[in-house]
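Residues take their numbers from the sequence shown, with the count starting at 1. These numbers come from the heavy atoms of this one structure, side chains and all, not from hydrogens, waters or symmetry mates.
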Amino acid sequence: MKYSNRVFRQVCMTAALGLGLFLLIVTTAYAGGNDFKLERLCGDNCHSETAIDDFAVLARTYGALVAPMHFQPASTIGQEGFEIGVETKLSFATEDASFWKAINKNNPGDSLVASSDGKYSAPDVFSTIQISMRKGLPFSLEVEGVANWLVDSEIFYIGAGLRWAITEGWWFLPDISVRGHVGTIVGAAQISMVNVNVDAAMSYTWGLGGIVSITPYAGYSLLVNVSSSRPLSIYAGDEFKEEVFRLKSQYISRGFLGFQLKAEYFIFDAEGEFGKDVKSLGLKIGAQF
């Protein structure tokens, strides 16, 4: 009992330290190359078909960029379990497109980089840094909380979810789980965004020499991205006017494949995620108690 209490205190201190470090990074962030100005999509009119389509794809892409990866087998960590992890994700959105003119990387000195075909260069790679926590509950349930930062930006994401391992403990079947997750971004001054995510996963665990276990897992994720802009100041003719991109809901399908190694309290995950607009590779290190 005393050992369990000591471990729990250590976990709480680690979580508090990690969260404090994360918030320090976020609060000292600056307007970087991965931030954007939505008025660049408009010219003098935000209601054109091109501007509306560009906003929709930009919102969908950023929704996928900041959405947390699955990073867990289908089994839970147990009713008494607690996990904390630090994760990084590298995302690739390599298709050049007109909506990329909104991001700061394509506007050095606020001077738009010219493009002869109406398309602008996609960044080579986006990266996020994330802290996650999971807590086991009775009946093969567990709750999660995440916070991540889109590197080279003022954008960060906070979210929470609930997961149920349907077949946990059925020794003759692989573990199967379903999860619901909701989150939002903070720090992007011109956009309001909410992500609602539902996914299903399957995994199976093998022991390696009684010291390490390996758990490959795979699954499907449906991400619903709901976005709108805040009022934008547009210069039209001889005066400024305010316009907005209206609320839009979009559906993003993603598949994921990964594995987890566990030794005593320590875990390591590697995962790939594959969607239409964004493909990602991620790594996680953490501890379970």
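Residue pairs meeting the disulfide (SG to SG under 2.5 Å) criterion with at least one partner in residues 36-74, sequence neighbours excluded, are Cys42-Cys46.
Side chain of Glu142 to backbone of Ile77: a donor-acceptor contact under 3.5 angstrom is found. Side chain of Asp152 to main chain of Gly33: a donor-acceptor pair is present (N/O by atom type, distance under 3.5 Å, no hydrogens or angles). No donor-acceptor distance shorter than 3.5 angstrom exists from the side chain of Asp269 to the backbone of Gln260, with no hydrogens or angles considered.
Residue-environment remark: CZ (Arg230) exceeds the threshold of 12 foreign heavy atoms within 6.0 Å. Counting non-hydrogen atoms of other residues, nucleotides and ligands closer than 6.0 Å to CZ of Phe92 gives a total above 12.
Under the 4.5 Å side-chain heavy-atom criterion for grouping Ile, Leu, Val, Met, Phe, Trp and Tyr, Leu232 is connected to Ile155 within one hydrophobic cluster. One hydrophobic cluster, built from ILVMFWY side chains closer than 4.5 Å, holds both Trp164 and Leu162. Both Leu247 and Val224 belong to a common hydrophobic cluster when Ile, Leu, Val, Met, Phe, Trp and Tyr are linked at side-chain heavy-atom distances under 4.5 angstrom. Criterion: ILVMFWY side-chain heavy atoms under 4.5 Å apart, direct or through other members. Under it, Leu41 and Met193 are part of a common hydrophobic cluster. In terms of hydrophobic clustering, with Ile, Leu, Val, Met, Phe, Trp and Tyr side chains grouped at heavy-atom distances under 4.5 Å, Val186 and Val196 are assigned to different clusters.
Looking at residues two or more places apart in sequence or on another chain, you find a side chain to side chain contact (heavy atoms under 4.5 Å, CB included) between Ser75 and Pro73, Glu168, Asp175. Residues that satisfy the side chain to side chain contact (heavy atoms under 4.5 Å, CB included) test with Gln250, not counting sequence neighbours, are Ala56, Ala59, Arg60, Asn225, Lys248. Looking at residues two or more places apart in sequence or on another chain, you find a ring pair (Phe, Tyr, Trp, His ring centres under 6.0 Å) between Phe245 and Phe55.
Of the inter-residue distances, the one linking Ser153 atom OG with Asn34 atom CG reads 6.0 Å to the nearest 0.5 angstrom. Interatomic distance, Ser121 OG to Asp96 CG, rounded to the nearest 0.5 Å: 5.0 Å. Rounding to the nearest 0.5 Å gives a distance of 10.5 Å between CD of Glu154 and CH2 of Trp149. Separating the CG atom in Leu150 from the NZ atom in Lys89 is a distance of 9.0 Å, to the nearest 0.5 Å. Interatomic distance, CD1 of Ile103 versus CG of Asp35, reported as 10.0 Å (0.5 Å rounding). To the nearest 0.5 Å, the span separating CD1 on Ile252 from CG on Leu222 amounts to 9.0 Å.
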Donor-acceptor pairs are to be reported for all side-chain atoms of residues 278-289 against protein atoms at under 3.5 Å, with residues two or more places apart or in another chain.
from: Lys279; atom 1: NZ; to: Gly275; atom 2: O; distance (Å): 3.3
from: Ser280; atom 1: OG; to: Ser91; atom 2: OG; distance (Å): 2.8
from: Lys284; atom 1: NZ; to: Phe71; atom 2: O; distance (Å): 3.3
from: Lys284; atom 1: NZ; to: Glu83; atom 2: OE2; distance (Å): 2.5
from: Gln288; atom 1: OE1; to: Lys262; atom 2: NZ; distance (Å): 2.9
from: Gln288; atom 1: NE2; to: Glu83; atom 2: OE1; distance (Å): 2.7

Check residues 200-214 and write down every donor-acceptor pair under 3.5 Å in which the side-chain atom is one partner and the other belongs to a residue at least two apart or another chain.
from: Ser203; atom 1: OG; to: Ala74; atom 2: N; distance (Å): 2.9
from: Thr205; atom 1: OG1; to: Thr215; atom 2: OG1; distance (Å): 2.9

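Residues Glu144 and Gln72 bring a donor and an acceptor atom of their side chains to less than 3.5 Å of each other. A side-chain donor from one of Ser98 and Asp54 sits under 3.5 Å from a side-chain acceptor of the other. Side-chain contact annotation: Tyr157 with Gln130, donor-acceptor N/O pair under 3.5 Å absent. No side-chain N or O of Arg246 forms a donor-acceptor pair with one of Ser228 less than 3.5 Å apart. When only modelled atom types and interatomic distance are considered, Lys37 and Asn104 share no side-chain donor-acceptor pair under 3.5 Å.
Here the side chains of Leu38 and Leu58 are in contact, with some heavy-atom distance below 4.5 Å. Side chains of Pro174 and Trp170 form no contact here, defined as non-hydrogen atoms less than 4.5 Å apart. Between Tyr217 and Glu271, some side-chain heavy-atom pair lies under the 4.5 Å cut-off. When side chains are defined from C-beta on, Val146 does not count as touching Ile158, because their heavy atoms never get closer than 4.5 Å. For the pair Ile166/Ser177, no side-chain contact is recorded, criterion being any heavy-atom separation below 4.5 Å from C-beta on. Residues His70 and Arg179 meet the side-chain proximity criterion, which asks for heavy atoms closer than 4.5 Å. Residues Asn197 and Val182 are not in side-chain contact: their nearest non-hydrogen atoms beyond the backbone lie 4.5 Å or more apart. Side chains of Thr128 and Leu65 form no contact here, defined as non-hydrogen atoms less than 4.5 Å apart.
The nearest pair of heavy atoms linking Thr76 to Ala165 is CG2-CB, 3.6 Å. Nearest heavy-atom pair, Lys105 versus Pro123, reported as atom, atom and distance to 0.1 Å: NZ-CB, 4.1 Å. In terms of heavy atoms, Asn195 sits closest to Ala67 at ND2-CB, 3.9 Å.
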Which is it for Asn106 and Lys101 under the side chain to side chain contact (heavy atoms under 4.5 Å, CB included) test, yes or no, and what are the steps along the way?
CA-CA 6 Å; Asn106 281 338; Lys101 65 185 175 184; 5.6 Å; no

Residues Phe266, Leu261; criterion side chain to side chain contact (heavy atoms under 4.5 Å, CB included); working and verdict
CA-CA 8 Å; Phe266 300 101; Leu261 292 174; over 6 Å; no

Kindly determine whether Leu223 and Tyr251 satisfy side chain to side chain contact (heavy atoms under 4.5 Å, CB included), including the steps that lead there.
CA-CA 6 Å; Leu223 177 65; Tyr251 298 89; over 6 Å; no

Salt bridge (Lys or Arg N to Asp or Glu O under 4.0 Å) for Lys241 and Glu243? Distances and angles first, verdict last.
CA-CA 7 Å; Lys241 62 178 180 179; Glu243 293 195 9; 2.8 Å; yes

Go through the steps to decide whether Val198 and Val178 satisfy the test side chain to side chain contact (heavy atoms under 4.5 Å, CB included), and finish with yes or no.
CA-CA 7 Å; Val198 178; Val178 292; over 6 Å; no

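Relative ring orientation between Tyr62 and Trp100 is described as tilted, the plane-to-plane angle lying within the 30° to 60° band.
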